[in-house]
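Scroll down for the structure; my scribbles are underneath it.
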2 protein chains.
Amino acid sequence: MVTIKDIALQLNISPSTVARALADHPHTSDATKARVRTAASDLGYVVHAAARMMRGQSSKLIGLIIPDVQNDFYATVAKTLAETCNSAGFQLVLAITEDEPATENKHIRELISARAAGIVIVPCRSPWRDTIKLLKGLPVVQLIRNTPGLGADWFGIDDESAIHEATMHLSGLGHTRLAYIGGHQELSTGAARLAGFNRGLREADIDLGSSFVATGPPRAAFAKQTFVEMIKKFKPTGLISGGSRLTYGILEGVSQTGVRVPGDLSIVGFGDSPWSRWWGNGLTTIGLPIQDIAHASGALLLRRIEQSKNSNEYQPVRPSRAVLSSFLVKRDSTASLVNLGPDP
Amino acid sequence: MVTIKDIALQLNISPSTVARALADHPHTSDATKARVRTAASDLGYVVHAAARMMRGQSSKLIGLIIPDVQNDFYATVAKTLAETCNSAGFQLVLAITEDEPATENKHIRELISARAAGIVIVPCRSPWRDTIKLLKGLPVVQLIRNTPGLGADWFGIDDESAIHEATMHLSGLGHTRLAYIGGHQELSTGAARLAGFNRGLREADIDLGSSFVATGPPRAAFAKQTFVEMIKKFKPTGLISGGSRLTYGILEGVSQTGVRVPGDLSIVGFGDSPWSRWWGNGLTTIGLPIQDIAHASGALLLRRIEQSKNSNEYQPVRPSRAVLSSFLVKRDSTASLVNLGPDP
DNA sequence: TTGTATGCGTTATCAG
DNA sequence: CTGATAACGCATACAA
């Protein structure tokens with residue numbers, strides 16, 4: 001690896017002069033700068049980030065910790081955030097937890113060891129204490145899920161309202177047998193979304209007996225299995241999904257069981273992907289302001305990083321907690337109630 | 001930030017003893033190790049990767065450079081590779097190029113500056129010379145696309161055969177008016193896939209006049225627009241997609257124009273996603289051994305990293321070039337030829 | 001404008 | 001078994 005010394009040796013000048021030339025320091029002759037630059041380019045010099053870091057503070061790395069990249073939602077976050085980071089001279093380090101607290105902890109330690117400038121995280125179900133302690137030492141923005149102990153900035157969506165609106169929508173179409181498949185209630189989002197469903201049921205005067213609720217891991221497999229089992233026992237006319245991957249799994253189940261959408265069942269999916277509209281007129285979705293959230297969190301993190309450079313000790317000054325609204329993308333045809341089978 | 005010195009001071013021992021204890025060095029008393037570890041844990045010590053790197057060689061970072069995370073294909077690669085890296089103690093740094101040579105170059109410089117141990121890259125359309133020069137300095141594995149100048153390991157799929165097989169499949173169903181929408185011919189994959197289509201046409205004795213070809217950027221938008229325009233002028237009965245995102249765009253176009261699949265048109269999609277089967281029986285796909293490729297490339301890169309540690313100078317010893325086969329996932333109903341409209 | 005000296009946190013080497 | 005010391009590459013305060 002070619003260093004600043006090599007360039008200095010080549011040009012018979014001192015290393016510090018080279019350093020200054022490379023840094024475009026004002027007190028350096030243009031001639032020297034030019035000579036140094038060409039030499040650097042010739043030799044293929046690339047600055048040693050670690051050495052630079054030894055003197056300064058943190059690296060130009062920002063960690064993104066998410067449960068799953070295959071989720072459309074998080075993929076979009078990753079993309080948007082990568083752009084935001086790059087335009088500010090940072091690189092994004094991707095860490096995937098699979099919702100495992102141990103994996104999460106390990107990733108965070110690595111990031112701190114690499115002196116990441118900051119972290120954007122979608123916390124897993126129940127993070128370790130140690131994890132929270134570690135996170136308190138650097139700028140952190142939480143996304144979607146909200147871990148109680150950690151007093152960090154947070155951007156999320158109004159989960160309760162989102163599902164409530166979806167429930168009212170189905171009720172408004174005339175549905176009276178509703179089902180909900182959502183993520184773990186231990187997740188802040190899982191609890192809020194379920195609460196929205198329950199409020200909807202109450203407001204629509206729907207008997208709890210003619211509703212079905214299942215919560216579990218926010219994975220496609222869980223939703224698919226749950227759907228297939230449910231459709232035998234409880235025949236809903238309307239179904240609400242409480243997660244992007246769950247929607248995926250439900251649709252898998254639909255295509256496996258041959259249930260017609262919207263013929264037999266109206267569904268409200270969580271998250272509005274392009275393929276949502278491929279389901280004829282059946283699939284209403286809860287649109288999410290993903291890009292807005294990603295942008296906002298990126299921008300705020302960069303700001304926090306700036307702030308923490310000024311004050312030696314990082315202090316999470318008045319964490320922001322912003323809730324962005326989802327929006328229903330209605331695609332139901334009113335035909336959806338025509339072909340309802342008899343209640344079992 | 002708490003350092004090794006802080007621990008030493010706290011315990012009234014020398015920094016070197018602390019270092020040895022932390023490293024579980026054999027010539028250190030168990031008592032000392034225990035004391036040091038608890039102190040480290042108490043103080044929240046995390047090793048400074050940069051400082052460690054100053055002495056040693058490279059970091060524990062591996063770069064993944066891809067055009068697009070939103071592409072199912074690359075998302076799966078990212079996930080699989082992240083697992084492979086983690087289990088070997090590496091962290092994955094995600095870099096998204098959007099197929100821009102400048103962005104690509106910048107990312108690679110950053111990675112080298114951070115002394116990434118190695119890089120897995122899906123090169124962009126026409127990488128800069130400088131980019132190739134930089135890449136020659138460290139272990140690199142190429143995925144899917146193959147940049148001529150760079151003598152690095154490469155894993156890809158047999159693009160020519162894949163599209164050829166798809167073409168023969170449609171021809172075998174009785175189709176004689178075929179269309180192909182693919183990626184730029186400047187891409188190694190774009191050229192190979194188009195060649196496969198052309199060979200298929202020849203072998204099926206299909207007149208070039210009753211076929212349609214369009215190549216362009218491998219984005220959904222391009223495919224959608226091309227599809228919508230094509231469907232007015234040239235009415236194919238069979239269409240083959242030459243890229244994952246292109247399939248996406250084509251299906252967007254289908255749903256916009258109201259073309260029935262497979263009623264009016266048989267389609268072979270590139271890449272087999274779960275949503276592929278949501279198209280009734282219409283959508284045959286070219287299944288890709290994504291996970292195999294990702295696994296293989298990860299494992300090989302780790303091996304190359306090992307090798308490069310032993311020899312001071314990194315020499316790309318006999319680069320591997322492996323071609324993995326795709327497989328057709330047939331879902332066509334034979335009904336697809338029943339409703340053909342008249343030729344325009 | 002340029003050169004010299006110093007220190008960042010770790011670890012390997014050598015001395016105790 | 002433990003302590004002192006040097007070195008990694010870079011940036012900067014200070015001297016020239």
Side-chain angles (χ1 to χ4, degrees), chain A residues 1-37 39-40 43-61 109-117 137 309 312, chain B residues 1-37 39-40 43-61 109-117 137 309 312:
Chain A
M1 277 296 169
V2 36
T3 75
I4 235 172
K5 269 187 184 171
D6 298 320
I7 301 176
L9 218 64
Q10 173 100 4
L11 265 44
N12 270 320
I13 55 179
S14 84
S16 39
T17 304
V18 176
R20 276 188 298 254
L22 255 22
D24 204 20
H25 195 90
H27 298 296
T28 310
S29 78
D30 290 346
T32 310
K33 282 182 188 171
R35 287 203 311 148
V36 167
R37 276 178 198 152
L43 274 58
Y45 168 81
V46 179
V47 63
H48 194 318
R52 170 175 288 175
M53 208 189 312
M54 292 289 292
R55 295 201 37 81
Q57 316 51 3
S58 66
S59 68
K60 297 303 260 180
L61 263 28
R109 299 196 84 90
E110 298 281 0
L111 286 168
I112 292 177
S113 151
R115 295 299 188 271
K309 278 204 296 200
N312 274 2
Chain B
M1 278 295 169
V2 36
T3 76
I4 237 172
K5 270 187 183 170
D6 298 320
I7 301 175
L9 218 63
Q10 172 101 6
L11 264 45
N12 270 320
I13 55 179
S14 82
S16 16
T17 304
V18 175
R20 276 189 297 257
L22 255 22
D24 204 19
H25 195 89
H27 298 297
T28 310
S29 77
D30 289 346
T32 310
K33 282 182 188 172
R35 286 204 309 149
V36 168
R37 276 179 198 149
L43 274 58
Y45 168 81
V46 179
V47 64
H48 194 317
R52 170 176 286 174
M53 210 189 310
M54 290 288 292
R55 300 205 35 78
Q57 315 57 11
S58 66
S59 69
K60 297 302 260 180
L61 262 28
R109 297 196 85 89
E110 298 280 1
L111 286 168
I112 292 178
S113 152
R115 294 298 188 270
K309 278 204 297 201
N312 275 2

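FYI, side chains are in, hydrogens and waters are out, and symmetry mates aren't considered; it's all heavy atoms of this structure. Residue numbering restarts at 1 for every chain, and letters A, B, ... go by the order of the sequence lines.
- Whole-Å rounding puts the Ile4(B) CD1 to dA4(D) P distance at 15 Å.
- Atom CZ of Arg115(A) is separated from atom CE of Met53(A) by 8.5 Å, given to the nearest 0.5 angstrom.
- You'll find the side chain of Leu11(A) stays beyond 4.5 Å of the side chain of Val18(A), heavy atoms only.
- Rounded to whole Å, the distance from CE on Met53(B) to P on dC8(C) is 19 Å.
- The nearest whole Å value for the distance from the CG atom in Leu9(B) to the P atom in dA4(D) is 12 Å.
- Mapping Arg20(B) and Tyr45(B) onto DNA chain C by nearest heavy atom places Tyr45(B) closer to the 5' end of the strand.
- Arg20(A) CZ to Ser14(A) OG: the interatomic distance, rounded to the nearest 0.5 Å, is 6.0 Å.
- Sorted by residue number, the members of residues 26-36 of chain A with any non-hydrogen atom under 4.0 Å from DNA chain C read His27(A), Thr28(A), Ser29(A), Thr32(A).
- Distance Arg115(A) CZ to dC8(C) P: 14 Å, rounded to the nearest Å.
- Put simply, the side chain of Val36(A) does not reach to within 4.5 Å of the side chain of Lys33(A), judged on heavy atoms.
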I'd like a list of close polar pairs between nucleotides 5-8 of chain D and the protein, N/O only, cut-off under 3.5 Å.
residue, atom, partner, partner atom, Å
dA7(D), N3, Arg55(B), NH1, 3.1

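- When side chains are defined from C-beta on, Asp24(A) counts as touching Arg37(A), because their heavy atoms get closer than 4.5 Å.
- Place Thr17(B) and His25(A) on DNA chain D by their nearest nucleotides, and Thr17(B) ends up nearer the 5' end.
- The shortest non-hydrogen separation linking Ala40(A) to Leu22(A) is CB-CD1, 4.4 Å.
- Between atom CD of residue Glu110(B) and atom OG of residue Ser59(A) there is a gap of 10.5 Å, rounded to the nearest 0.5 Å.
- Here the side chain of Arg55(A) pairs no donor or acceptor atom with the backbone of Arg52(A) at under 3.5 angstrom.
- Atom NE2 of His48(A) is separated from atom P of dG9(C) by 16 Å (rounded to the nearest Å).
- If you take CG of Asn12(B) and C1' of dG3(D), they are 13 Å apart, rounded to a whole angstrom.
- Here dG9(D) presents its C1' atom at 12 Å from CD1 of Ile7(A), a figure rounded to the nearest Å.
- For the OP1/OP2 pair of dG9(C) and a distance below 4.0 Å, the side-chain nitrogens and oxygens of Arg52(B) include no atom meeting the criterion.
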Side-chain donor/acceptor pairs under 3.5 Å, residues 1-8 of chain A, sequence neighbours excluded:
residue, atom, partner, partner atom, Å
Thr3(A), OG1, Lys5(A), N, 3.1
Asp6(A), OD2, Thr3(A), N, 2.7

